Amino acid sequence: MIHITFPDGRSKEYQKGILGRDIAADISSSLLKKTAVIEVNGEQWDLTRPIETDASVRFITMDDEEVLEVLRHDAAHVLAEAAKELYPEIQVTIGPAIENGFYYDFYKETPFTPEDLVKLEKRMREIVARNEEITREVWNRDKAVEFFKSIGEDFKAEIIASIPSEQDITLYRQGKFLDLCRGPHLMSTAKLGTAFKLMKVAGAYWRGDSKNPMLQRIYGTAWAKQEQLDNYLYMLEEAEKRDHRKLGKEMNLFHLQEEAVGAVFWHDKGWTVYRLLQNYIRARLKTQKYIEVNTPMLVDRSLWEASGHWDKYQKNMFITETEEKILAVKPMNCPCHVQIFKQGLKSYRDLPIRMAEFGSCHRNEPSGALHGIMRVRAFVQDDAHIFCTPEQVTSEVIEFCELLKTVYKDLGFENIKVKFSPRPDERAGDDETWDKAESMLKTATTAAGIEYSMNPGEGAFYGPKLEFTLKDALGREWQCGTLQMDFILPERLDASYIGEDGKKHRPVMIHRAVLGSLERFIGVLIEHYAGKFPIWLAPTQVIIATITSEADDYAREVAQKLHDAGIRTEIDLRNEKISYKVREHSLQKVPFIFVVGKSEAQNQTIALRRLGGDSQENLALQDAISKITDEAKPPVQLT
């Protein structure tokens with residue numbers, strides 16, 4: 001007999017070799033019906049796998065979020081089975097679950113077509129309807145290699161051959177289809193349900209190497225319920241409408257071109273948004289007593305060697321040579337800020353020093369990783385470094401967290417998640433230093449009232465960090481703000497202050513950013529608001545559109561008064577129908593349109609149309625200006 005312990009602490013004896021499904025059935029038939037897999041001593045198992053020793057178990061049901069990875073892995077296998085049935089000549093390679101879905105890579109002489117995807121999805125539904133049992137088999141490695149070679153699956157045989165010869169492998173069978181897999185899987189294909197959809201075909205090199213054959217990757221999405229699938233497809237449709245690259249062009253904000261890969265050409269309206277956002281952050285920092293600095297773009301190799309970045313980050317740097325010197329375009333600002341801190345003797349009475357810079361940085365990102373203005377090579381960070389004593393760390397972390405929450409709320413984000421990222425495998429400094437840094441950051445984070453989840457191994461090479469992730473209007477998460485605790489860089493770059501005891505001490509260096517990259521954050525804002533910025537951030541706040549040329553002079557008068565009131569205004573005097581003008585400026589996402597004609601000019605009024613509204617409001621000119629001025633007021637007085 002073996003002892004099975006349940007999550008509530010209860011335990012029960014069962015026959016050795018009992019199956020997970022039998023334990024579930026023993027508890028209740030309803031539990032068996034909704035259970036997908038069983039967790040045995042922290043590891044997910046198939047319900048049909050025998051349990052041979054004492055174990056702690058937990059049932060993962062179709063209602064649990066964890067089931068999605070299992071379900072999506074099942075979907076990949078069903079796709080591969082469908083592909084082999086429809087196109088017997090193809091070879092299957094790998095098919096994992098991924099975020100929001102799955103894919104499977106195939107070797108096929110002719111390309112898959114959109115019509116093929118329709119056929120494959122239809123066959124997948126037929127396989128689900130067959131309710132084929134999914135069974136786990138343990139094979140000898142060499143036997144498995146021979147088997148897959150014998151059926152013409154050379155890619156699969158190559159994968160298996162790379163596994164150590166003494167190691168048994170697991171295969172999963174459903175119907176006539178057999179695939180290499182660690183599992184677990186659901187008990188039958190019917191458990192997958194029908195809430196899945198094939199999305200697209202892309203190319204992928206075998207094992208990611210361009211010297212290897214090109215494969216065809218079919219992507220799909222799969223969910224536990226149809227409602228979840230419908231919501232996801234709606235989100236994708238909305239995301240496409242909100243794509244910052246599309247809206248950036250429609251709104252005349254920016255463009256990108258091949259002659260400057262990974263860099264942004266900001267147009268007047270986009271640069272207006274950029275400067276407003278920058279000035280907003282600058283105003284917030286002023287209330288927190290930050291000093292603002294500016295540091296060089298090109299810095300000698302010797303400083304990057306001293307800081308440790310040359311060893312850890314060189315492949316991401318743009319490097320140039322001049323007069324037998326090697327210079328790097330700075331990928332970050334921190335070593336330069338230490339140089340400013342070191343100018344002149346610092347006392348403990350001078351600390352904390354909060355040093356901010358809208359630092360222009362460049363990183364040699366692979367071209368395939370670039371994405372609009374969300375992932376670029378040239379960007380500006382709202383970067384700052386706080387030099388403080390160990391005793392000041394907690395209060396500085398608390399103040400920063402309050403600042404960050406205020407900024408995000410002002411910009412329309414109130415749902416924030418925080419991850420604590422401890423030491424990575426590749427790092428500078430000894431374990432004692434890391435122990436102190438991690439302990440200090442955890443204490444300060446708790447004091448700030450911040451709940452966090454752990455993100456193992458993702459700290460910076462010089463210290464642990466907090467990562468702040470915000471959720472947009474579509475529920476997507478964007479990691480933007482960071483705070484990093486650093487005892488390493490002050491030591492490496494010999495930064496010090498004179499303590500109360502008259503001796504030299506190393507300051508604690510807190511690296512922090514609220515928005516992160518301004519380019520990326522503006523991309524997030526565009527997609528979050530679908531281009532309909534808050535009024536204070538809109539590049540053009542009011543368009544004055546004339547109905548007739550008889551109102552042209554009045555339109556100019558209105559524009560001047562709006563300008564005097566600090567409202568960003570444009571005039572549309574074109575000889576076009578007013579309906580055409582309204583549609584065009586709505587596409588530009590202008591918050592307000594003042595419609596003026598002969599009657600408005602005579603009565604000193606305007607017809608006010610709001611973005612997204614079907615009606616208009618007739619107002620006296622001064623009342624309209626007062627209304628707009630009040631609604632366009634920024635959250636803080638901009639500098």
Side-chain angles (χ1 to χ4, degrees), residues 42 303-313 332-335 337-338 341-342 346 348 350-355 383-404 416-469 479 481-514 516:
L303 181 59
W304 301 114
E305 288 177 330
S307 69
H309 289 94
W310 192 260
D311 290 335
K312 310 287 186 185
Y313 214 81
M332 65 277 296
N333 305 295
C334 34
H337 286 191
V338 176
F341 177 85
K342 289 171 61 178
K346 300 294 187 298
Y348 70 95
D350 299 318
L351 305 185
I353 293 174
R354 305 180 185 114
M355 190 180 300
D383 203 7
H385 296 90
I386 301 169
F387 299 88
C388 63
T389 67
E391 295 76 20
Q392 293 168 332
V393 164
T394 295
S395 61
E396 290 303 310
V397 170
I398 291 172
E399 282 198 40
F400 171 71
C401 290
E402 288 304 313
L403 170 66
L404 178 137
I416 305 168
K417 290 183 179 179
V418 183
K419 292 181 181 179
F420 186 103
S421 300
R423 68 196 74 185
D425 292 335
E426 188 176 346
R427 59 184 181 268
D430 56 30
D431 286 343
E432 182 181 352
T433 300
W434 276 89
D435 289 343
K436 181 169 67 172
E438 289 174 359
S439 174
M440 192 173 288
L441 182 55
K442 283 182 179 178
T443 299
T445 306
T446 301
I450 299 292
E451 295 183 4
Y452 59 84
S453 59
M454 295 301 294
N455 192 23
E458 293 300 317
F461 80 84
Y462 45 76
K465 65 180 177 179
L466 301 179
E467 296 182 354
F468 298 86
T469 300
Q479 192 271 305
T482 58
L483 182 146
Q484 300 163 8
M485 187 74 63
D486 185 2
F487 289 89
I488 308 295
L489 212 55
E491 180 71 33
R492 295 187 71 125
L493 297 181
D494 194 28
S496 64
Y497 67 93
I498 303 301
E500 197 170 1
D501 58 2
K503 298 178 181 179
K504 281 188 175 183
H505 298 268
R506 299 293 185 207
V508 180
M509 187 174 179
I510 300 175
H511 307 240
R512 43 108 304 179
V514 179

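Just so you know, these numbers come straight off a predicted model, no measurement behind them.
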* Asked: Does some side-chain heavy atom of D311 sit less than 4.5 Å from a side-chain heavy atom of W304?
  -> no

* To do: Taking the six-membered ring for Trp and the full ring for Phe, Tyr or His, determine whether the centres of Y348 and Y497 are under 6.0 Å apart.
  => no

* To do: Can you see which heavy atom on P424 is nearest to which on W434, and at what distance?
  => CD-CH2, 3.6 Å

* To do: Determine whether R354 and E399 make a side-chain contact, defined as any pair of heavy atoms from C-beta on separated by less than 4.5 Å.
  => yes

* For residues M485 and A437, report the shortest heavy-atom separation together with the two atoms involved. => CG-O, 4.0 Å

* Asked: Is there a side-chain contact between E467 and F420 (heavy atoms, below 4.5 Å)?
  -> no

* Structure fact -> Per side chain to side chain donor-acceptor pair (under 3.5 Å), Y462 is matched among K312, Q484, H309 by Q484

* Asked: Does the side chain of T482 come within less than 4.5 Å of L466's, by heavy atoms?
  -> no

* **K465/E458 salt bridge by N-O under 4.0 Å criterion** => no

* Asked: Less than 4.5 Å apart, any side-chain heavy atom of R512 and any of I386?
  -> yes

* Per the side chain to side chain contact (heavy atoms under 4.5 Å, CB included) rule, which among I353, V508, T394 passes with C388? -> V508

* Do K419's NZ or CZ and the ring of Y452 fall within the cation-pi criteria of under 6.0 Å and 45°? -> no

* For D435, enumerate each residue passing the salt bridge (Lys or Arg N to Asp or Glu O under 4.0 Å) test, keeping only those at least two apart in sequence or located in another chain. => R423

* Going through the checks in order, is the side chain to side chain contact (heavy atoms under 4.5 Å, CB included) test met by Q392 and L351? -> CA-CA 9 Å; Q392 293 168 332; L351 305 185; 3.6 Å; yes

* Structure fact -> For A444 and I398 the tightest heavy-atom approach is O-CG1, 4.4 Å

* **Between CD on residue E438 and OG1 on residue T445, distance to nearest 0.5 Å** => 11.5 Å

* Taking all heavy atoms of N455 and all of S421, pick out the closest pair and write down the distance. => ND2-OG, 3.2 Å

Exercise answer: donor-acceptor pairs, residues 487-495 side-chain atoms, under 3.5 Å, sequence neighbours excluded:
unit_1 : atom_1 : unit_2 : atom_2 : d
E491   : OE1    : R506   : NE     : 3.1
R492   : NE     : A306   : O      : 3.0
D494   : OD1    : R506   : NH1    : 2.8
D494   : OD1    : R506   : NH2    : 3.2

* Apply side chain to side chain contact (heavy atoms under 4.5 Å, CB included) to I498 and K504, showing your working. => CA-CA 5 Å; I498 303 301; K504 281 188 175 183; 3.8 Å; yes

* Does K346 make a cation-pi contact with F341, if we ask for NZ or CZ under 6.0 Å from the ring centre and within 45° of the axis? -> yes

* Parallel, tilted or perpendicular for F387 and H385, by the 30°/60° rule? -> tilted

* Between P352 and E396, which heavy-atom pair has the shortest distance, and what is it? -> CG-OE2, 3.3 Å

* Is there side-chain contact between T446 and I450, with heavy atoms separated by less than 4.5 Å? -> no

* **Shortest non-hydrogen separation from D383 to N333 and the atoms involved** => OD2-ND2, 2.8 Å

* To do: Flag the pair V418 / E451 as yes when at least one side-chain heavy-atom distance between them is below 4.5 Å, and no otherwise.
  => no

* Can you check side chain to side chain contact (heavy atoms under 4.5 Å, CB included) on H511 and L483, steps first, answer last? -> CA-CA 6 Å; H511 307 240; L483 182 146; over 6 Å; no

* Considering residues, nucleotides and ligands other than K342, do more than 12 of their heavy atoms fall under 6.0 Å from its NZ? -> yes

* Under the salt bridge (Lys or Arg N to Asp or Glu O under 4.0 Å) test, which residues partner E402, sequence neighbours left out? -> K405

* To do: Would you indicate whether the side-chain heavy atoms of M440 and P390 approach each other to under 4.5 Å?
  => yes

* Derivation and outcome, side chain to side chain contact (heavy atoms under 4.5 Å, CB included), residues Q479 and F468 -> CA-CA 6 Å; Q479 192 271 305; F468 298 86; 5.7 Å; no

